[in-house]
Amino acid sequence: MNRALTIAIDGPAASGKSTLGAALAERLGYTYFDSGVVYRALTWLALERGVDVRDEMELVRLAESARIEVVRPTAGDGRQYTVLVDGQDATWSLRTPAVDHNVSVVAAHPGVRRAMTEWLRQIAGGGAMVMVGRDIGTVVLPGADLKVYLTATGEERARRRYREQLERSLQAEYDQILAEMRRRDELDSGRAIAPLRPAPDAIILDSDHLTVDEEIDQVLQHLALSEVATR
Ligand code: CDP
């Protein structure tokens with residue numbers, strides 16, 4: 001692979017985007033960026049500061065003033081990266097039930113999306129990037145060299161989130177996780193701007209029936225084909 005490509009991976013909650021994205025980036029020597037982090041960081045900050053998650057103007061103001069940084073892991077506690085919000089380590093705070101519950105409301109505001117999309121495009125500007133999210137292939141990077149849409153059944157995704165919570169020694173209830181995930185998927189798929197959906201030219205991978213290695217193989221095969229096509 002000679003060119004510095006850009007790869008977009010989208011899909012619903014816990015469909016395996018971050019596992020595939022990080023593994024693929026490592027394999028290719030690319031940067032991995034999880035765009036959900038920016039929406040989660042803004043949501044966390046809004047909750048901390050008492051900003052109403054329905055107040056678009058206040059949220060946009062917060063987004064413009066906040067310093068959100070994603071850096072290499074600063075602790076060996078299973079994190080893929082460290083997220084600093086105004087200099088404070090917020091990495092695990094972004095995964096709390098309160099953030100899960102409010103993030104899709106924050107992310108549906110057009111003004112919030114405008115600010116974040118602009119920022120995400122700057123981050124991906126140099127190429128050699130694997131970016132994961134909901135609208136990366138459709139809106140943020142419509143010119144990406146390869147677009148992947150990852151699916152899995154709601155039950156399988158809820159099982160994964162349940163196991164992740166237990167591994168982090170958190171209390172977890174499967175039914176509650178499944179219900180919360182369905183609610184978030186509906187909000188993300190039903191919003192007017194940048195709804196969750198596959199780009200027309202995305203390859204669809206069903207992570208229920210594939211191992212991560214099989215997913216990587218499929219992606220690499222598609223990349224090799226598109227390299228030949230553009231040579
Ligand atoms: O990890 P999980 O798949 O549960 O969620 P995430 O990728 O961290 O994204 C959290 C939320 O941010 C999503 O439910 C969306 O509401 C929002 N999001 C978005 O609107 N656009 C993106 N590109 C990424 C995330």
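This one's a predicted model, so the numbers in the text were calculated from it and none came from an experiment. Side chains are part of it too, since the values below use all heavy atoms of this structure and drop only hydrogens, waters and symmetry mates. For ligands, and for the atoms within them, numbers begin at 1 and follow the listed sequence.
- Within the listing of ligand 1, atoms 11 (C), 12 (O) sit less than 4.0 angstrom from a heavy atom of Val103.
- Distances shorter than 4.0 angstrom do not occur between any heavy atom of Met116 and any atom of ligand 1.
- The shortest contact between atom 10 (C) of ligand 1 and any protein heavy atom is with Arg184 NH1, 3.5 Å.
- When only interatomic distances are considered, the shortest N/O to N/O separation between Ser104 and ligand 1 falls below 3.5 Å.
- Looking at Ala14 against ligand 1, only its backbone comes within 4.0 Å, counting heavy atoms.
- A 4.5 Å side-chain heavy-atom check between Gln165 and Ile177 finds at least one atom pair inside the cut-off.
- Looking at Arg160 and Ser207, their side chains do bring a donor and an acceptor atom within 3.5 Å of each other.
- Looking only at side-chain heavy atoms (C-beta outward), Arg95 and Glu164 stay at 4.5 Å or farther from each other.
- Nearest protein heavy-atom neighbour of atom 13 (C) of ligand 1: Asp188 OD2, 3.3 Å.
- The protein atom (non-hydrogen) at minimum distance from atom 8 (O) of ligand 1 is Arg40 NE, 2.7 Å.
- Side-chain atoms of Asp10 and Lys147, non-hydrogen and from C-beta on, never get closer than 4.5 Å to each other.
- The shortest side-chain heavy-atom distance between Arg67 and Val85 does not fall under the 4.5 Å cut-off.
- Within 6.0 Å of atom CD in Glu155, more than 12 heavy atoms from other residues, nucleotides or ligands are found, so the atom counts as buried in its surroundings.
- In this structure, the protein non-hydrogen atom closest to atom 1 (O) of ligand 1 is Arg161 NH2, 3.3 Å.
- Nearest protein neighbour of atom 25 (C) of ligand 1, counting heavy atoms only, is Gly36 CA, 3.6 Å.
- Side-chain contact check for Leu150 versus Glu215: some heavy-atom pair is nearer than 4.5 Å.
- Among all protein heavy atoms, the one lying closest to atom 17 (C) of ligand 1 is Ala107 CB, 3.8 Å.
- Distances from atom 20 (O) of ligand 1 to the heavy atoms of Lys17, Arg95, Arg113 show the closest one on Arg113.
- Note on ligand 1: Arg191 sits in its first shell, one or more heavy atoms being nearer than 4.0 Å.
- In terms of protein heavy atoms, atom 24 (C) of ligand 1 is closest to Ser35 OG, 3.3 Å.
- Protein heavy atom closest to atom 23 (N) of ligand 1, with residue, atom name and distance, is Asp135 OD1, 2.8 Å.
- Asn102 and Trp44 are not linked by any side-chain donor-acceptor pair at a separation below 3.5 angstrom, with hydrogens and angles left out of the test.
- When only modelled atom types and interatomic distance are considered, Arg113 and Tyr39 share a side-chain donor-acceptor pair under 3.5 Å.
- Heavy atoms of Arg134 found under 4.0 angstrom from ligand 1 belong to the backbone as well as the side chain.
- Annotation: side chain of Leu84 is in contact with side chain of Asp89 (closest heavy-atom distance under 4.5 Å).
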